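Reviewing the structure listed below.
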Amino acid sequence: ADLLNCGGCGSAGPQPQHLKVWCEAGACHLGDCEPGFFDCDLDPSSGCEQPMECKCTPGEVQPCYEGLLGTENVGACHGGTKTCAMDGMQWGSCEGQVLPAEEKCANGIDDDCNGGIDDIPDLDGDGWTVCDGDCCEQKFQCGSPELVNPGAFEFVGNQVDDDCDPNTPDDQPPPLCSTQVKFKSVTAEDVAKAIDLCQFVPKNPAPKDKKWGVVGAEFRLANGNAPGGQMSNMQNFQAAILQNYGTGGVVPKKGQTMAGISSGRMRDQNDPEYTNPNGGSSFGSSSQPPAAYLAAHGGQLPASFGCKGNCPAGNGANDSVNARIEIRVPTNAQSFSYKFKFFSAEYWTYACTQYNDFYLALLTSKAPNLPKDKNISFDGKGNPVSVNNGFFDVCVPKSCYTCPNGTVELQGTGMQVGNTGGATQWLITKAPIVPGETMVIELMVFDVSDGILDSLTILDDFAWSVTPSEVGTDPTG
């Protein structure tokens, strides 16, 4: 350093940079900074070390907040303090502040400081957030994020975890929930399981638990009323869980079981408490078809146009059994299907008469373009499924019935006794639904105009589809 020489003071030492010095009264004095220089560290001995104005006073403390305008002191966010550096040329970092952060799930804190607590955004608009278990909110995560959430069903083989549940693998169907034959104490829940509706869920769950599944199942009469004293007949005779019906190859279309509902005893010749359906079982139950169905047809059952021409329909709904199943629809389902097979001991003697036993499948849904009468199962000519329909094809040919499928599937059922029973082939019904809605399907069979000569329906293979469908019934192929 340059030596400081204050004349007569005789002082010598380091020369403070850019600082005026002089000798007065035998003492050396330090003066002001030279023009354009500043002593920011407040230490004259170091001279005027900065060629620019000082930023702050060393050790000075000020409040600070670096978040977006309007977020300070909102929710978890608040300010901190910053301290001037010892060289006076800069402020230290803002210590102690809390800035807006990504909202955390269910911690009761407004983490993003927008005025809302736990308001996780639903980025794909599907009604589920990451806090509800949604595993795909944006397209970079999956192709269609609005279809992927815990309310969806697992569509096997599409390489997507549709329901955001690693326990439901994409490469294999869900496990079976019905494996055993059952003839006594059969419930509507048993019927739902036998047709492969295996997921049962609460009716009013918390939003994050709003998964698809059966929310309720019960037996009712055809008119929708509670069965009262007929419940025992429905549970112990009119409904059954089967692994076969007869010996002619009528077996489940999916899984190990199928359901059967009958206006008589749902039994074949090898089952306990079998009764010949050609004589039939009368339970003395008198009811009416569903009021909405009748209203859509002028207050009476609709006539059918079978192979014999325009046939009468009869009246009443005797010995009815109605499995009413209420289901919350998956959020990615556009339609559903199920398979059924109708048998009747009324063939062919009472075909095209008023003894016209019916099978109905009534759907309550918000889907557009559903039939006014709600029935979604019928023959290829648009007739409801009844004795007078035009598609008995498992039978002995008589009159105008050609019976293209022969009689093999009648064997062992009792329907073959005296060659007076007939059946349809397996049929598949498809219908649209609204994703995420709660739908009701009522599967019912009943005698018409009398209570004898039984009719029944075998049901199986309920399945969801991500593809839209119109209402229709076709052979399964």
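The structure presented is a predicted model; accordingly, all values stated were derived computationally and were not measured. Residue indices begin at 1 and follow the sequence shown.
For the pair Asp319 (side chain) and Asp447 (backbone), a donor-acceptor distance under 3.5 Å is absent. Looking at Asn388, its side chain does come within 3.5 Å of a backbone N or O of Cys352 through a donor-acceptor pair. Under the 3.5 Å distance criterion, the side-chain polar atoms of Gln238 are matched with a main-chain donor or acceptor of Ser262.
A cation-pi contact links Lys184 to Phe237, judged by a cut-off of 6.0 Å to the six-membered ring centre and 45° from its axis.
In this structure, a donor-acceptor pair under 3.5 Å is present between the side chains of Asp357 and Ser455.
Met258 CE to Asp196 CG: the interatomic distance, rounded to the nearest 0.5 Å, is 12.0 Å. To the nearest 0.5 Å, atoms CD (Glu346) and CG (Asn278) are separated by 9.5 Å. Atoms CD and CG, from Glu189 and Leu197 in turn, are 12.0 Å apart once rounded to the nearest 0.5 Å. Atoms OG1 and CG, from Thr476 and Asp460 in turn, are 11.0 Å apart once rounded to the nearest 0.5 Å.
Ion pairing between Lys203 and Glu326 holds under the 4.0 Å rule for side-chain N and carboxylate O. With respect to the salt-bridge test (charged N to carboxylate O, under 4.0 angstrom), the residues Lys339 and Asp461 qualify.
Environment of CZ in Phe155: sparse, with no more than 12 heavy atoms of neighbouring residues, nucleotides or ligands closer than 6.0 Å. Within 6.0 Å of the CD atom in Glu470, the count of heavy atoms belonging to other residues, nucleotides or ligands does not exceed 12.
Pairs engaging residues 398-410 under the side-chain hydrogen bond (donor to acceptor under 3.5 Å, both in side chains) rule: Lys341-Glu409 [sequence neighbours left out].
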* Carefully, step by step, assess Val186 and Asn236 under the rule side-chain contact (heavy atoms from CB on, under 4.5 Å). => CA-CA 6 Å; Val186 177; Asn236 296 307; over 6 Å; no
